[in-house]
Amino acid sequence: MIKSKSYLRLLAVIVVAVVIQQAVLNQMVVLYAHPDLLVLLAVCAGVVLGPTQGAIVAFCLGLGADLLLNMPFGLSCLTFSIAAFSASYFQKIPMHKSGIGNTGFLCVTAALIATLFYAIMATLIGQHGMLTIQLLRVLVVIGAGGVIMVWPSLHILKWAVGNDHLRRSDIPPGGSAA
Amino acid sequence: MAPSNRRASQRITLIMLILVSLTLLTLDYHGEANKAITSVRNGFQSAISPLQRAIADTLHPVGNFFAGAFNYGSLEAQNSTLTRELSRAERQIYEQRNEEGQIRQIQSLDHIKFASSLPSVDAAVISQPSSNFQYTIEIGEGTSVGIGVGMPVVGLQGYIGSVISASSSTAVVQLEQDVRTRIGVRFSVGSSGNMLGVIDGQGQGRPLTALVNLPGPKKGTLVYTSGLYGELYPAGLPVGVVTSVKPAPGALQDNVTVTPLVNVNNLQFVRVVLWEPPT
């Protein structure tokens with residue numbers, strides 16, 4: 001269970017993440033796309049905090065993302081909540097022995113799937129131009145950015161909840177998700 | 001709590017969050033609620049715009065400096081003082097160059113030949129696209145200086161995009177290559193008159209396209225906003241130049257590709273033409 005002090009920390013993490021996304025990461029445009037910290041943090045929240053609290057934190061991150069974008073309001077909330085919830089469930093599947101999965105890899109993959117889901121949902125509700133070559137560029141940039149940011153994201157969330165939810169062995173060394 | 005109860009509770013939480021999200025989405029499409037959401041968005045963007053400006057001011061001049069500074073990692077301790085002085089001098093050079101570049105960009109806006117009879121406001125670009133799926137920029141002026149939704153935005157060479165949302169101190173500009181862009185245009189074909197068409201954005205980094213009745217324009221033809229009654233933009237804003245004309249097989253129209261005149265990468269200043277489309 002999360003302590004009340006941790007809620008304040010989580011709130012601070014969400015606010016700082018939104019500001020960093022808008023003020024810094026949005027300016028780092030590569031291949032006409034920029035890294036997405038918010039979707040990555042959302043899936044990391046699912047992994048670190050579990051399905052219930054992770055989905056709630058992801059929803060709040062989605063609210064922050066929706067305030068930044070001129071896209072349908074609530075779409076990021078929907079996508080992030082489902083992504084966090086799903087990521088927490090996949091986290092429970094024991095893949096470590098197979099050598100193909102670890103927490104970082106799971107988070108980056110979940111962030112990519114969430115982005116794809118976002119594009120599909122946006123298309124379904126009438127947004128044009130979501131399923132184009134731009135989507136591939138976006139996935140490449142978010143994947144690359146995710147590999148760099150997943151380790152600090154997991155640790156920041158772990159610090160925020162003040163609880164050793166995450167075993168050290170679960171966090172990929174050196175920031176690599178591979 | 002028993003595992004089955006816990007799982008049920010988790011699912012109920014997710015379902016609640018999904019329902020709230022769907023409610024927000026529905027409200028966003030509803031008239032009055034949409035206004036409320038837009039005002040909250042604008043307020044939020046206004047609130048963080050000072051920080052964005054500060055970071056934009058910092059990143060523009062210092063970005064290259066930091067890129068170079070990473071190479072100094074293995075300097076000896078006795079060189080640290082000299083390094084600091086060198087870094088300071090380099091930063092000053094980059095800042096000076098940046099300021100000169102900014103002055104040149106601002107001055108260049110004074111040489112804009114088109115839409116000179118219309119009132120306008122110059123604005124700094126404070127942010128690149130917020131969304132990976134929308135081709136937009138954010139500028140550091142808003143409704144407080146008369147900027148409103150729908151107003152065209154131009155650079156030295158021509159049309160850049162149009163304002164799609166505005167708060168008191170910031171505005172979001174949808175660039176002409178965004179897939180949602182549709183512009184009524186006139187192809188300047190000299191003595192044989194003018195040819196009309198509608199060009200569409202095709203996404204980031206891709207040229208604009210249009211279908212034009214045969215015989216289509218020639219390669220190199222300049223394209224301007226048509227300004228016909230009911231159009232979203234005033235007449236005569238240069239939009240682009242025709243770079244290819246391909247006949248559509250079996251059709252009475254040509255596929256025309258138009259390359260925008262303005263390179264929107266590294267834009268630092270733009271001009272907003274205070275012209276609203278007729279209602």
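Reminder, nothing fancy here: chain letters follow the sequence lines and each chain counts from 1.
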**Student:** Measuring heavy-atom distances to chain B, does A:Q21 have an atom under 4.5 Å in its side chain, in its backbone, in both, or in neither?
**Tutor:**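 Neither part.
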**Student:** Can you say whether B:L17 sits under 4.5 Å from chain A via the side chain, the backbone, both, or neither, judging by heavy atoms?
**Tutor:** both
**Student:** Considering non-hydrogen atoms only, spot the tightest contact between B:D28 and A:P72 and give its length.
**Tutor:** OD2-CA, 3.3 Å
**Student:** Do any N or O atoms from the side chain of A:Q134 and from the backbone of B:N132 form a donor-acceptor pair under 3.5 angstrom?
**Tutor:**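 Checking the backbone N and O of B:N132 against the side chain of A:Q134, a donor-acceptor pair under 3.5 Å is found.
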**Student:** Just so I understand: if I count every heavy-atom pair under 4.5 Å between each of A:H128, A:H34, A:Q127 and chain B, which residue has the most?
**Tutor:** A:H34
**Student:** So how far is it from B:Q174 CD to A:N70 CG, rounded to the nearest 0.5 Å?
**Tutor:** 9.0 Å
**Student:** Chain B heavy atoms under 4.5 Å from A:I142: which part of the residue, side chain, backbone, both or neither?
**Tutor:**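 Contact with chain B is through the side chain of A:I142 alone.
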**Student:** So which residue, B:L14, B:V179, B:I48, ends up with the most heavy-atom pairs under 4.5 Å with chain A?
**Tutor:** B:L14
**Student:** Indicate the atoms forming the closest heavy-atom contact of A:N26 with B:S127, along with that distance.
**Tutor:**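 Heavy atoms of A:N26 and B:S127 come nearest at CB-OG, 4.4 Å.
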**Student:** Less than 3.5 Å apart, any donor N or O on the side chain of A:Y32 or B:Q177 sitting next to an acceptor on the other?
**Tutor:**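 A:Y32 vs B:Q177: no donor-acceptor pair found between side chains.
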**Student:** Counting heavy-atom pairs under 4.5 Å to chain A, which of B:T23, B:D178, B:L25 comes out on top?
**Tutor:**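 Option with the greatest count: B:L25.
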**Student:** Out of A:R137, A:M28, A:M130, which one racks up the most heavy-atom pairs below 4.5 Å with chain B?
**Tutor:** A:M130
**Student:** Side chain, backbone, both or neither: which part of A:I56 has a non-hydrogen atom closer than 4.5 Å to chain B?
**Tutor:**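 Both backbone and side chain of A:I56 come within 4.5 Å of chain B.
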**Student:** Tell me, for A:V18 versus chain B, whether the close heavy atoms (under 4.5 Å) come from the side chain, the backbone, both or neither.
**Tutor:**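 The answer is the side chain of A:V18.
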**Student:** Do the side chain of B:Q45 and the main chain of A:L67 share a donor and acceptor less than 3.5 angstrom apart?
**Tutor:** yes
**Student:** Determine the minimum heavy-atom distance between A:G74 and B:L24, stating which atoms define it.
**Tutor:**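 Shortest heavy-atom separation between A:G74 and B:L24 comes out as CA-CB, 4.0 Å.
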**Student:** Over all heavy atoms of both residues, which pair between A:M71 and B:R180 is shortest? Give the atoms and the distance, please.
**Tutor:** SD-NH2, 4.3 Å
**Student:** Taking all heavy atoms of B:Q10 and all of A:F85, pick out the closest pair and write down the distance.
**Tutor:**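 Looking at all heavy atoms of both residues, the closest pair is O-CE1, 3.5 Å.
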**Student:** Keeping the roles fixed (side chain from B:R41, backbone from A:D66), state whether a donor-acceptor pair exists under 3.5 Å.
**Tutor:** yes
**Student:** side-chain contact (heavy atoms from CB on, under 4.5 Å) between B:F133 and A:L135: does it pass, once the steps are laid out?
**Tutor:** CA-CA 8 Å; B:F133 297 102; A:L135 178 59; 3.7 Å; yes
**Student:** So for B:L19, is it side chain, backbone, both, or neither that comes closer than 4.5 Å to the heavy atoms of chain A?
**Tutor:** neither
**Student:** Hey, are the side chains of B:T38 and A:F73 touching, using non-hydrogen atoms and a 4.5 Å cut-off?
**Tutor:**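 Sidechains of A:F73 and B:T38: no contact.
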**Student:** Measuring heavy-atom distances to chain B, does A:L25 have an atom under 4.5 Å in its side chain, in its backbone, in both, or in neither?
**Tutor:**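 For A:L25, there is no contact with chain B at all, as no heavy atom is under 4.5 Å.
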**Student:** Nearest 0.5 angstrom please: A:C77 SG to B:I18 CD1, how far?
**Tutor:**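 Between A:C77 SG and B:I18 CD1, I get 12.0 Å after rounding to 0.5 Å.
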**Student:** Does the side chain of A:Q22 pick up a donor-acceptor pair with the side chain of B:E138 at under 3.5 Å?
**Tutor:** yes
**Student:** So for B:S165, is it side chain, backbone, both, or neither that comes closer than 4.5 Å to the heavy atoms of chain A?
**Tutor:**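 B:S165 touches chain A through side-chain heavy atoms alone.
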**Student:** Kindly compute the distance separating OH (B:Y29) from CD1 (A:I125), expressed to the nearest 0.5 Å.
**Tutor:** 4.0 Å
**Student:** About how many Å separate CE of A:M121 and OG of B:S21, when rounded to the nearest 0.5 Å?
**Tutor:** 9.5 Å
**Student:** Taking all non-hydrogen atoms of both residues, which atom of B:V20 and which atom of A:F59 are closest, and how far apart?
**Tutor:**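 Shortest heavy-atom contact: CG1-CZ, 3.4 Å.
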**Student:** Counting only non-hydrogen atoms closer than 4.5 Å, does A:T132 touch chain B with its backbone (N, CA, C, O), its side chain (CB onward), both, or neither?
**Tutor:** neither
